[in-house]
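Taking it in order: structure first as structure tokens, then the write-up.
The shown structure was predicted, so the numbers you read here are calculated from the model rather than taken from an experiment. As a basis for the values below, the full set of heavy atoms in this structure was taken, side chains included, without hydrogen atoms, waters or symmetry mates. Residue numbering restarts at 1 for every chain, and letters A, B, ... go by the order of the sequence lines.
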Amino acid sequence: MDRTVLIVDDHAGFRALARKLLAAEGWEVVGEAGDGAEALTEARRLHPELVLLDLNLPDGSGLDVAERLAATDPAPQVVLTSTHDEDELHELARARRATGFVPQRLLSGARLEAVLSGR
Amino acid sequence: MTTHPDSPALSLPPELHAVLDAALDCVVAMGADGRVVLFNAAAQRTFGYTAEQAVGADMAELLVPPSLRARHRDGVARHLAGGAPAVLDRRIEITGLRADGSEFPVELTVTRLRGAEPVLFVAYLRDITDRKLAEAELKASRIRIVEAADAARRRIERDLHDGAQQRLVMLALQLRIARGRVGDGDESAALLDEALAELDGATAELRELARGIHPAVLTEGGLHPALRALAARSAVPVVLQEVPDARFAASVEATAYFVVAEALTNVARHACAERATVVVREEAGALVVEVRDDGCGGAAGAGGTGLRGLDDRLAALGGRLSMQSPSGEGTTIRAEIPCAS
Ligand SMILES: Nc1ncnc2c1ncn2[C@@H]1O[C@H](COP(=O)(O)OP(=O)(O)OP(=O)(O)O)[C@@H](O)[C@H]1O
Ligand SMILES: [Mg+2]
């Protein structure tokens, strides 16, 4: 069965491309959200396995949203993403209870699998 | 000048009075009993008393704010009893009291006239309100300049990020989608792979540029992750011995970051060191940053623009930069950045 993902980014262009890219690699994109508040509502409604979460959201930091998602039940896996791709953002993401971090430009289904399986 | 019944004004030749009245500075003299015996024209203008009002009056009551009077009288008494002349013959800054009750900053020097009988103390003093205001303004404006420059750098970084970098990311995703749709043997596949590699290079260059202007990870996560990033990129192995996780004002974080960045660059360029150690800790209202290396030492500390620029930045924020670099024993750069937290 396809793995389910919710894409959270305020940039509609990125959401559309990420959807295409992940769909081509066998992911099922169950929803999209444009900010942190919407992300929390949609995650509770859709129960995706994974939330792909932008670091800079119009209503605050993705790091805070990641923490709040981790506290929901059942908690989805959260992978943070950003146009920044500093290595340190991995640690920063993990410190805030996200599973990991993928730079937007390197986004792919395979890369997400790698982060989720801790590679 | 009139004479007071029991403490007469200093009797001076009229020419000498004229000389003292022409002075820009206040000249005030008092006897051992603390009474004023001379009060020149500048003193009259500055404190708001006429000579008639001042001469014969108790100097402390007249010119010293109530909160400082006891200390002043103690000092005079101790001196007359043979104690060390704590405040005599050197420049001091203190608060004065005007006739209307207002207080103001003065600088003064007090001398005891040698051989004068009876005892005579003479104070030369001036109102330094304007200078104090100018100093405070200068200090505030220097801080504002540093903060404005930092804010501009953050803005440029953000514009690069939201603009060009964002577009390059979209382009990368589009190319990768296209690449996914053509088979490996296809002629276009090689072209797309080349385009992607080229794009990687452009993205990396732009990222370096943006990071040099202002590191996003500093804004995002504070000093700890930002310094870890610097340490990871350093050509010489770096031990981050201690770095607070707390957040500080943007200009404080930026200053600490640029100190470590410049110091580590210098270690790699000049020190021939095996390793460098970074310590950042909060101490008495300041963030103290120390970068040590075990290299050759002997840095003259002049010639380059790196340390000079840091020195200016720290001075503007009211902080200090110091370097110890004994020959053969390595170099330590230490910055103290005032931070209210
Ligand atoms: N860690 C160090 N070990 C030995 N010498 C040092 C060290 N740091 C600085 N120096 C000496 O101090 C000088 C001044 O350093 P500064 O950073 O101001 O200038 P620079 O590195 O030469 O040039 P710039 O920083 O402008 O590119 C250096 O040229 C070097 O001789
Ligand atoms: Mg240098």
Side-chain angles (χ1 to χ4, degrees), chain A residues 5 7 9-27 29 32 52-58 60-67 80-98 100-112, chain B residues 154 157-182 195-204 206-233 240 243 245 247 257:
Chain A
V5 57
I7 299 174
D9 195 300
D10 58 326
H11 198 291
F14 172 77
R15 294 200 304 266
L17 283 173
R19 178 185 274 274
K20 250 189 227 171
L21 194 76
L22 293 178
E25 292 191 60
W27 286 72
V29 179
E32 294 180 15
L52 182 67
L53 182 63
D54 186 22
L55 194 60
N56 299 295
L57 293 168
S61 170
L63 293 169
D64 297 331
V65 180
E67 261 178 352
L80 282 154
T81 172
S82 164
T83 35
H84 293 301
D85 56 9
E86 317 268 347
D87 298 334
E88 295 65 36
L89 293 174
H90 290 270
E91 282 178 62
L92 205 55
R94 281 199 207 102
R96 302 292 292 272
R97 301 177 68 187
F101 174 82
V102 172
Q104 283 187 357
R105 77 192 171 89
L106 300 178
L107 179 67
S108 70
R111 185 84 181 210
L112 285 181
Chain B
R154 279 200 301 281
E157 189 277 332
R158 204 169 336 111
D159 289 349
L160 273 179
H161 174 259
D162 295 347
Q165 279 173 311
Q166 186 87 50
R167 282 169 191 276
L168 294 186
V169 164
M170 303 298 283
L171 191 55
L173 292 184
Q174 282 162 336
L175 284 173
R176 299 233 315 285
I177 292 172
R179 178 62 183 83
R181 290 182 183 173
V182 299
L196 273 164
E198 195 63 30
L199 184 57
D200 256 4
T203 308
L206 192 60
R207 191 169 63 234
E208 267 320 299
L209 176 68
R211 182 150 56 203
I213 294 169
H214 188 87
V217 61
L218 184 61
T219 317
E220 222 47 74
L223 271 176
H224 205 166
L227 295 189
R228 266 203 307 268
L230 272 183
R233 281 199 303 280
L240 290 187
V243 180
D245 281 314
R247 299 299 307 258
Y257 177 90

Taking only distance into account, with no hydrogens and no angle test, what donor-acceptor pairs under 3.5 Å do side-chain atoms of residues 166-174 of chain B form with protein atoms, sequence neighbours excluded?
none

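Note on residues 11-25 of chain A: pairs passing salt bridge (Lys or Arg N to Asp or Glu O under 4.0 Å), not counting sequence neighbours, are A:Arg15-A:Glu32, A:Arg19-A:Glu32.
With respect to the salt-bridge test (charged N to carboxylate O, under 4.0 angstrom), the residues B:Arg154 and B:Glu157 do not qualify.
Of the listed residues (A:Arg105, A:Gln104, A:His11), the one with the most heavy-atom contacts under 4.5 Å to chain B is A:Arg105. Ranked by non-hydrogen atom pairs under 4.5 Å with chain A, the options B:Ile177, B:Leu199, B:Thr203 are led by B:Ile177.
Using a 4.5 Å cut-off on side-chain heavy atoms (C-beta onward), A:Trp27 and A:Leu112 make contact.
Contact annotation for B:Asp162: neither backbone nor side-chain heavy atoms come within less than 4.5 Å of a heavy atom of chain A.
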